Structure formats: C-alpha cells, structure tokens
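Heavy-atom basis, side chains included; hydrogens, waters and symmetry copies ignored. Here the structure is a predicted model, which means the values were calculated and not measured. Below, chain A is the first sequence line, B the second, and so on; all start at residue 1.
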2 protein chains.
Amino acid sequence: MKKNVPIATVERVAKYLRCLKYLRYKGTKVISSKDLAELTKVTPEQVRKDLSYFGKFGKTGTGYDVNKLVKKLEKILKGKAKWNVCIIGAGSLGSALVNYPRFKESNFNIVALFDNNPEKIGKEINHIKVYDIAEFSRITEQKKIEIAVIAVPESARNDIENILSKNRIIRGVLNFTPITLNIKTRRKISIIDVDLSQKLYILTYLITKGKRR
Amino acid sequence: MKKNVPIATVERVAKYLRCLKYLRYKGTKVISSKDLAELTKVTPEQVRKDLSYFGKFGKTGTGYDVNKLVKKLEKILKGKAKWNVCIIGAGSLGSALVNYPRFKESNFNIVALFDNNPEKIGKEINHIKVYDIAEFSRITEQKKIEIAVIAVPESARNDIENILSKNRIIRGVLNFTPITLNIKTRRKISIIDVDLSQKLYILTYLITKGKRR
DNA sequence: CTTTGTGAAAATGTTCACAGCC
DNA sequence: GGCTGTGAACATTTTCACAAAG
C-alpha cells in the first residue's frame, strides 16, 4: 500500500473493474491475477502491483473474490456512489452519450443537456431535458451537477471556457472538444481530454509500424 | 533521432498536430516549443524531446514553421494520406461518429456502416450506406477498408470477434466496446480501446484526490 | 538574446523473484 | 501444488542544463 499511485495504474484499475463487472454478470465468483491479466492484456504481476497500491484484496492460493473486489474498486475510483452529470452540446455526439447505457448503469446519472439552439431548448432527448446554456450555473447548482461532459463543436470553445470559468459547482470535465481547454479558475477542476481523431492518428501510426498496441 | 519511440510520445505528438492545425487555421506561421507547450499543457522540453524522436524540425532562436511541421507530423503519424474507414454498429454512437467532422477533415474517409438490423440495412446515415454485417468481408475488400471502428453493444462482442478473425484486410481497430477484444489471427492487427465509462471513473478518482489531471 | 536539440541525471513505472499463506 | 503481496532490480520516461545556432 504505497503513496503515489501512477495514473497508468488508475487507468488499468478502471479496466480491471470493467472486466470484473463482466465476470460478475457471467457468474464468476473468484478470479486469479493470472486470469484477470489475460482478459485485460496485461501481466499478472502488473495486476497484483496495481491492486496493492490500494490494499490487500486477494486470498493467497485462491485469488480475488469478484464481488468484493468490484465493490472495493468502485469505492476507490468513484469516492461516492452517485454522481450527477450534464452534457453540454445536444448534437449527435451529445445525444449518443445520453443513450450510452453504461453511464447510468455505473450510477453516473445524466440529469441535464445544454445547448444554445432555440429549436432544441425545452425538448427532451432520451427523457433528458435540454436547457438553455445561459442557464448553466442556475441548473447545475439546482441539480447539484458536478461533472460536465463537453460535446460541442470546436467553434463554441471560448463560450464554454467562459461559462466553466464562472461556474462554482462543476468539479470535473470530460472534454470531447479536440482543443485543450483553458479554464481560468482558482478552484481545482479535473479535466480529461478525449480526442477521437487523435485516436485514429495513433492507430495509423501503430499500423504503419506494425505494432499491436 | 532515436529508435524506440514511447507510445506516450506518439500520443502527445498527435495532440501537438491537432493544436498546430488550429494555429495554421488561425494564421500563425511560427511557434516556439514554449508556446506550443503552453497550449497543450506539457513542458517545452517535453515538446522538443518528443519531436526529436522523429527529426529536427525547428530553427534555433526562432521556433517551428507551423505549416511545415503539420505536414511532417501528418506524414509520420498517418504514413499515407488517405485511409478508408468503416463503422460497425449503426446505433446512436455509430451514427454520431459518421457525423464527426474531424474524421473526414483529416482524410479518414468513412465509406461504410455495418449493422445486423434489417430495418437499418440499405438505408443511409449522413450519406453513408448501411450494409449487412454478413457482407463485411466482401465490402471491406471491395472498398479497401483497412480500419474498423467498433460501436456495437457489448452483447455483440463475440460476433465481432469472429467476423474480424476471419477478415483479411482490416489492419486497425478502434474499439468502443468496453471489453478487451480477443481477435484470433496470425496477421498483426493494431487495436486501440476507448472505454467512455472508464474515463468517468478516472475523472471521479482525480476529483476525489484533488488532482487536475 | 532567443530558442532548438540532446546527452546525462533524476524520477517514475514495470518486471522479477521469492517469502508467506492456503 | 497454486496464488498473493512486495521489496529490489531493471527499464523506461521525463527533466535538467547547456552547447550550438540564428
């Protein structure tokens, strides 16, 4: 049980968790680091070392109790059971994310969409209401929304930066805009960038070099 | 100019490229490692070191020619100018990806969608035809599709693994299914996993620990 | 004076190897 | 026999610091 957890470890642990939930769903009760490693394409030592940053979860000679480990890892990664999430941008990507089944399943509750298009405001997408982006602060405070997923076109970037800089409740941002956001705030806001076209560039690099991953 | 390029370097270079294209669009002609670092939230040394894996692109005392660097990095990451891409799964995520403007802009041409739903087969989504997944090998060979983006529900995972294991032309896979794929093939296939709910778990971990990124 | 490119040092991350337990 | 947890060894990656160039 060590102090500084590598971010790579956190990413892998999230991957283990996904896999463990799948195993739980399939009815597997116990799994060894060897088998979990095989399923997630890492080494058994890596699995054990990663888990050891957070505690001792296994039984020598047996392996890990799938149910227990799922609960432990959920707690470690999520901190609290339920998070309220909003999506900024009710375009095709935003709408697809509202439908993404695994968010709700993991208790990331999408409770609002935001857009600036008058034709969309007031409508519902998959039972989630679209609010005027001008109401962002009011709605996020009212609904206690701490996570914002940004799915707007690049052109709206400045507006989003301003809106988030003024906001006082959002603590985390998942950014699908392919430009690094510059949010000016004294509060700490955690940001994760997901640039989909970047992934394709990395993929073609791997293909060209003949690497698996 | 060294031999083994870290994958983290490749990821950052793709990020620089995205940023440089934005600068080019804004009319910036020259940029220093310092300024590029600020825009992409890394250190100037990191930028220079990363680029040095691939060559000497800068002018001492001046910086990097934005136009030239964009062209060089495009060549390095993509290998060839144009790639044909298909999307498996014409659900909301698949449809959103067809609409994602940056794919076409970067010459990743989406030329086919695949699904197993008879109601969708034969229709068009954003001018891209939906084919029967049973025709996967025929269509990919005919259209010379080397990259597959997987946007199917988890339940279709086994079918996808089988179809890809049989296929002889796909060289790269961008996998949005939140389970690591197990493709049995003697050919080398590069795979990149993008698990969206995993990102939320990492985000809540960062929030809880009070880390920016 | 500014900025690149890069060895060398420092920091970080992964693998090894084995004690201890079932 | 089978498996976990973990220091220590090893490997990789990042940062430092500076010579060389415009």
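A donor and an acceptor atom, one from each side chain of T180(A) and N182(A), are nowhere located under 3.5 Å apart. In summary, the side chains of N126(B) and S95(B) do not present any donor paired with an acceptor at a separation below 3.5 Å, with no hydrogens or angles considered.
Among the duplex regions that DNA chain D forms, those built from at least three successive Watson-Crick or G-U pairs under 3.5 Å are C:1-22 with D:1-22, ordered by first number.
Taking 4.0 Å as the cut-off between side-chain N and carboxylate O, K34(A) and E45(A) do not count as a salt-bridged pair. Salt bridge status for R138(A) with E135(A): present, with a side-chain N to carboxylate O gap under 4.0 Å. Ion pair E105(A)/K21(A) not flagged as a salt bridge, since none of the NZ, NE, NH1 or NH2 atoms sits closer than 4.0 Å to an Asp/Glu carboxylate oxygen. A salt bridge links E161(A) to R157(A): at least one charged side-chain nitrogen sits closer than 4.0 Å to a carboxylate oxygen. Look at K82(B) and E146(B) and you find no salt bridge, because none of the NZ, NE, NH1 or NH2 atoms lies under 4.0 Å from a carboxylate O.
When the options T177(B), N175(B), I150(B) are evaluated for a side-chain contact (heavy atoms from CB on, under 4.5 Å) with I160(B), the one that passes is I150(B). The side-chain contact (heavy atoms from CB on, under 4.5 Å) test with L23(B) singles out one residue from I31(B), V70(B), N67(B), and that residue is I31(B).
The side chain of Y64(B) contributes no N or O atom lying less than 4.0 Å from OP1 or OP2 of dT2(C).
Considering CD1 of I133(A) and CD1 of I88(A), their distance stands at 4.5 Å, rounded to 0.5 Å.
Remark: P of dT4(C) and CG of L69(B) are 11 Å apart, rounded to the nearest angstrom.
Residues meeting the salt bridge (Lys or Arg N to Asp or Glu O under 4.0 Å) test with E154(A), sequence neighbours left out: R18(B), R102(B). Contacts of D50(B) classified as salt bridge (Lys or Arg N to Asp or Glu O under 4.0 Å), with partners at least two apart in sequence or in another chain: R12(B).
Listed in residue order, the members of residues 23-35 of chain A having a heavy atom less than 4.0 Å from DNA chain D are S32(A), S33(A).
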Could you list all N or O pairs between the protein and nucleotides 17-22 of chain D that sit under 3.5 Å apart?
unit_1: dG22(D); atom_1: O4'; unit_2: T60(B); atom_2: O; d: 3.2

Check nucleotides 12-14 of chain D for protein N or O atoms closer than 3.5 Å to its own N or O atoms and list the pairs.
unit_1: dT14(D); atom_1: OP1; unit_2: R12(B); atom_2: NH1; d: 2.9
unit_1: dT14(D); atom_1: OP2; unit_2: R12(B); atom_2: NH2; d: 2.8

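Between F136(A) and Y131(A), a ring centre-to-centre spacing not shorter than 6.0 Å is recorded.
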